[in-house]
2 protein chains.
Amino acid sequence: MDVHGRDLRYFAAVAEELNFTRAAERLFVSQPALSKQIRMLEKQVGADLFHRDRRAVRLTVVGKALLPHARGMLAAWEAAEAAVEEAKAAELHTLVIGMSTSPGRGLLPALRTRLVSRHPHARPVLRQVNWADPSAGLADGSSDVAFVWLPLPDGDRYRYAVVAQEPRLVALPQGHPLAARAAADSEGAVDFTDLLDEPFLALPSEAGPLRDYWLALDARDDRAPRIGGVVGSAEETHEAVANGQGVALLATGNASLVVRDEVIAVPVRGISPSHLAVAARRDDERPLVVAYLAAAAMVAAGTARTEPPP
Amino acid sequence: MDVHGRDLRYFAAVAEELNFTRAAERLFVSQPALSKQIRMLEKQVGADLFHRDRRAVRLTVVGKALLPHARGMLAAWEAAEAAVEEAKAAELHTLVIGMSTSPGRGLLPALRTRLVSRHPHARPVLRQVNWADPSAGLADGSSDVAFVWLPLPDGDRYRYAVVAQEPRLVALPQGHPLAARAAADSEGAVDFTDLLDEPFLALPSEAGPLRDYWLALDARDDRAPRIGGVVGSAEETHEAVANGQGVALLATGNASLVVRDEVIAVPVRGISPSHLAVAARRDDERPLVVAYLAAAAMVAAGTARTEPPP
DNA sequence: CTGTTGTGATAGCCATGAGTTATGGATGTC
DNA sequence: GACATCCATAACTCATGGCTATCACAACAG
């Protein structure tokens, strides 16, 4: 049914040498082993491939018919191996960068520049990941590095560099009573205590601690939040806020993704700022990953005061 | 280094099903066997071919690179098998007809007609064989059937049908004294006793009994012939006779191959006639061979009185 | 004619390969 | 929470592919 590539290689060698002993030497096997394998191939094919007259070995008609195909298949396998090697090399130079929403803030070009300056072959690839996965693809291996919001669930499985620390805002429908209050405020802000009874849009439950963080559970003194809905993307969030399903906290740098049409965002007093980090799996020491995290640390040091994560 | 075709088949099946259990069923192997083989292939290739997430099996980048090559090789092997089958079929229908010199006498067309009437797929192939081999290729298998002169060395290895019995002539240079004597003879012939002291052209020594036969040893009463030279073809014979190296016996039906320019042929009294037969290896019972010998027997019965060989 | 050389086939042995069944562990479903 | 699905692992069996040693035969040298 199937052939072993080896048998074809043996066959081709004997067909070239027309001498089992020499072919065996060329193939680095013993002559009996070669004889046996050729016999097996002949049995499999159902016809002799060589005439073994006492004085000479010659191809049979069937052997002549098979030879070009055998050579073709050997060449095809070499091509396949080459293709595999190329794919492996390409993979080696590819860095998949996961993110929930675009990190913005000029981070991607900055990091990209630093990465390729150290690794000219590097090919960074951006990958959008559903909000249900707070590790942005690190957990299931679909990303090599990722922009994540702290705190990260299973934090000890990852290492990271914080690249941005920003106050959190609240997104409100334009006509919401608190919108007017903020407008009247000297800082244009609202107190988180004023939001305690508002329905909140939450991340999917799989997000774990991160969901709690964006509900600001730590600022609620164990009073359970009202959940107005679950959202999985910036678009959904915009829609839900606009429809009055609830309000949502968001990082300053992400405001532009949600604020438009009927939705505004105002600063919130009384909650901690958000921390955006570039993370990788702790045990992942591949050069590109290491280099990207190093670049992130450099960029963070250059643009913002690095502060300890919460 | 080499792949086993089976592994490629397994790989392609899993790549199609994206499910080891179902692929294993389709391949009629157990699921663990399939898992193991794929692992082996991955080890050989040096990279994973499938992502096995808990919930799903997907091709890796390397797997995607390999898949088309794998399919190509599987197709190539099918083509190779088809080519082999075709060659086997062609061989089955090919009949190699060996001969020292053209048998003439209208035998070839007659036999061919009878053969193809019984075996429409039959493809008779003519093959000229050196005179050194009196079996005309039967001995070394290079012919399936052959036109031979009796007696045949190793006669018990073959079976045959006599297709022609003819007086033997002697080829002489035109100016030879015996040429004049023959011209003066009432029958235009010479007595073999007149030839006893002539130098004779002989077949190569490998021809064995046949060489003796064409030297007419049986008609010499143990007086050794003078050998004027060794000849291996009609052309050589003509040259040697014309140059006066010696004279040569030949069958009536073959006279035209030697007689021209300075060479004539005249009947010889006192020697047995020659017997031309169609022969095959005794144990060769392939339909085409059997049919050709049967055809020869029919033709012989139709044209000449069949007489027992000498 | 005899010993030597070259070549392929055969025999006997052993490690590995490729298959089996039984079972484990993780995930998703009712 | 019991059950089904699905891939991996373990332990075993038997065929396969390799080895060495040897034979059989032809060609050739002395």
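Just so it is clear, the values below take in all heavy atoms, side chains as well, and ignore hydrogens, waters and symmetry mates. In what follows, chains carry the letters A, B, and so on, assigned in the order in which the sequence lines appear, proteins first and then strands, with residues in each chain numbered from 1.
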Starting at atom [atom1] of [X], determine the distance to atom [atom2] of [N], rounded to an integer number of angstrom.
X: A:I38; N: C:dT10; atom1: CD1; atom2: C1'; answer: 17 Å
X: A:Q37; N: C:dA9; atom1: CD; atom2: P; answer: 13 Å
X: B:Y10; N: D:dC7; atom1: OH; atom2: C1'; answer: 17 Å
X: B:L34; N: C:dA18; atom1: CG; atom2: P; answer: 13 Å
X: A:K36; N: D:dC19; atom1: NZ; atom2: C1'; answer: 9 Å
X: A:E25; N: C:dG6; atom1: CD; atom2: P; answer: 11 Å
X: A:K43; N: D:dA15; atom1: NZ; atom2: C1'; answer: 11 Å
X: B:R58; N: D:dC7; atom1: CZ; atom2: P; answer: 13 Å

_SB check A:E42 A:R39 (cutoff 4.0 Å)_ = yes
Got a salt bridge between B:K88 and B:E85, using NZ or NE/NH1/NH2 to carboxylate O under 4.0 Å?
yes
Of B:D7 and A:F20, the one whose closest nucleotide on DNA chain C sits nearer the 5' end is A:F20
Walking DNA chain C from its 5' end, the first of A:H4 and A:R52 to be reached, judged by nearest nucleotide, is A:R52
Side-chain N or O of [X] less than 4.0 angstrom from OP1 or OP2 on [N]?
X: B:R6; N: C:dG19; result: yes
X: A:N19; N: C:dG8; result: yes
X: A:S35; N: C:dT10; result: no
X: A:R39; N: C:dG8; result: no

Any [X] side-chain heavy atom under 4.5 Å of [Y] side chain:
X: B:V129; Y: B:M99; result: no
X: A:Q37; Y: A:L41; result: no
X: A:E78; Y: B:H69; result: no

Please list, pair by pair, any protein nitrogen or oxygen found under 3.5 Å from a nitrogen or oxygen in nucleotides 20-25 of chain D.
residue	atom	partner	partner atom	Å
D:dC25	O3'	A:R54	NE	3.4

(message) Counting the atoms with a prime plus P, OP1 and OP2 as sugar-phosphate, which does B:F50 contact under 4.0 Å by heavy atoms, base, sugar-phosphate, or nothing?
(response) nothing
Could you check whether B:R220 makes a cation-pi contact with B:Y213, meaning its NZ or CZ is under 6.0 Å from the centre of the six-membered ring and within 45° of the ring axis?
no
Ring pair (Phe, Tyr, Trp, His ring centres under 6.0 Å) test vs A:W214 passes for just one of A:W149, A:F200, A:W131, namely A:W149
